[in-house]
Q: 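Let me begin by handing over the structure; questions about it come next.
Proteins get letters first, then strands, A, B, ... in listed order; numbering begins at 1 in each. Side chains are part of it too, since the values below use all heavy atoms of this structure and drop only hydrogens, waters and symmetry mates.
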Protein chains: 2
Amino acid sequence: MASDLPLDAYDKKILRLLQAQGRITNQQLAEQIGLSSAACWRRVKALEESGTIKRFTALVDPNRVGQPLTTLVMVTLVRHHIDNTAEFERRILEYPEVLQCYATTGNADFVLRVVIEDMAAYDRFLNEKLFSLAGISQVSSNFALREIKNETAIPIR
Amino acid sequence: MASDLPLDAYDKKILRLLQAQGRITNQQLAEQIGLSSAACWRRVKALEESGTIKRFTALVDPNRVGQPLTTLVMVTLVRHHIDNTAEFERRILEYPEVLQCYATTGNADFVLRVVIEDMAAYDRFLNEKLFSLAGISQVSSNFALREIKNETAIPIR
DNA sequence: TCTGAAATCTCTCTAGC
DNA sequence: GCTAGAGAGATTTCAGA
């Protein structure tokens with residue numbers, strides 16, 4: 001249905017606006033990009049169906065829902081089992097307090113961002129979840145003193 | 001209007017559902033939490049006004065908009081000028097390719113997540129932007145080999 | 001101060017060109 | 001791509017717990 005790629009100028013404007021205001025009405029969106037509302041609506045649907053728009057979401061302030069502690073965790077695995085990596089990743093996906101996880105170059109194998117209530121809860125996370133995984137070699141916890149920026153909008157060029 | 005805090009069970013359900021489906025209709029939302037559509041609507045507005053919901057957004061797949069490269073950058077500042085930190089943070093906020101930035105404990109002063117087109121663009125980012133900032137002592141670039149998880153939904157307990 | 005019902009207003013989404 | 005319009009949903013008002 002939705003052809004893959006390439007995005008034209010209208011699509012790019014749509015993506016910029018929907019990243020800034022996810023609940024803008026289709027009519028306002030259409031007006032701002034300079035298309036009829038039907039044409040705009042079809043483009044938004046196509047962008048959703050092609051996966052360019054993964055989904056819509058509400059961004060919640062973690063401080064206001066009792067999860068003020070952010071930690072960046074560097075994890076290194078032991079090199080013995082080839083299954084370690086797959087198993088590690090599978091378990092990480094199940095932990096809701098781990099919002100992000102990347103396999104990276106450099107000293108650590110993985111970098112995680114963990115959002116949680118307080119130090120006691122983080123201690124439980126380490127002992128009951130992270131340290132219980134097979135094949136963990138090193139874990140380094142870097143606590144966020146301050147959030148300078150936390151943006152979800154990808155620059156559309 | 002919106003009293004600060006504390007969230008009751010309805011608010012928590014609303015936050016969970018809106019994080020999962022940012023564009024769910026108010027009627028469906030009301031039905032799923034067990035309130036009338038008017039009551040549900042008022043609660044969503046209150047959550048927005050209080051800042052508990054920061055905003056709504058579309059989550060875009062960076063691969064589909066030509067920004068497939070993610071880098072986690074550890075930055076250390078020199079200790080001489082007290083203004084270094086404030087100036088660094090101010091500039092970081094202006095760089096759209098830097099999606100996230102945290103001041104952290106540990107070896108690095110800051111951890112950044114940068115999303116960008118390719119290595120050439122990353123090289124330009126380093127030389128034209130990051131290295132041009134005053135007071136930079138060390139920069140370590142860790143490239144994301146794979147994204148295991150990239151979630152925005154804060155667990156609501 | 002909270003609710004729900006109902007009236008009204010606006011937008012979505014399909015159809016047709 | 002555009003316009004039109006029925007139906008669906010959002011938003012306000014009002015009255016009751």
Q: Sugar-phosphate atoms are those with a prime plus P, OP1 and OP2; base atoms are the rest. Using that split, label each nucleotide of nucleotides 4-10 of chain C B, S or - for protein heavy atoms under 4.0 Å, 5' to 3'.
A: BB-----
Q: Salt-bridge test for A:R90 and A:E94: reply yes if a basic N is under 4.0 Å from a carboxylate O, no otherwise.
A: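 A:E94 and A:R90: not salt-bridged.
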Q: With sequence neighbours left out, write down each residue that passes salt bridge (charged side-chain N to carboxylate O under 4.0 Å, His left out) with A:R146, or none if nothing qualifies.
A: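 Salt bridge (charged side-chain N to carboxylate O under 4.0 Å, His left out) check on A:R146 returns B:E89.
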Q: How close do B:S50 and A:R64 get, heavy atom to heavy atom, and via which atoms?
A: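 Looking at all heavy atoms of both residues, the closest pair is O-CZ, 3.0 Å.
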Q: Which atom names give the shortest non-hydrogen contact between B:V60 and A:K54, and what distance separates them?
A: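 Nearest heavy atoms, B:V60 then A:K54: O-CE, 3.9 Å.
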Q: Between A:L29 (CG) and C:dC11 (C1'), how many Å, whole number?
A: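 Answer to the nearest Å: 13 Å.
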Q: Anything under 4.0 Å to a heavy atom of chain B counts; send over the first and last such nucleotide of DNA chain D, read 5' to 3'.
A: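 Result: D:dG9 to D:dT13.
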Q: Can you list every pair that meets salt bridge (Lys or Arg N to Asp or Glu O under 4.0 Å) and has a residue in residues 22-32 of chain A, with sequence neighbours left out?
A: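 Matches after skipping sequence neighbours: none remain.
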Q: If you take any heavy atom closer than 4.0 Å to DNA chain C, which residues from residues 53-61 of chain A end up in contact?
A: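 None, since no heavy atom is under 4.0 Å.
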Q: I want to confirm an ordering. Mapping B:I24 and A:D8 to their closest nucleotides on DNA chain D, which one lands closer to the 5' end?
A: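 Mapping each residue to its closest nucleotide by heavy atoms, the 5'-most match is A:D8.
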Q: What heavy-atom pair brings A:D61 and A:N63 nearest, and what distance separates the two atoms?
A: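 Looking at all heavy atoms of both residues, the shortest contact is OD1-N, 2.9 Å.
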Q: Could you pull out all residues at least two apart from B:R124 that satisfy salt bridge (charged side-chain N to carboxylate O under 4.0 Å, His left out)?
A: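 Applying salt bridge (charged side-chain N to carboxylate O under 4.0 Å, His left out) to B:R124 gives none.
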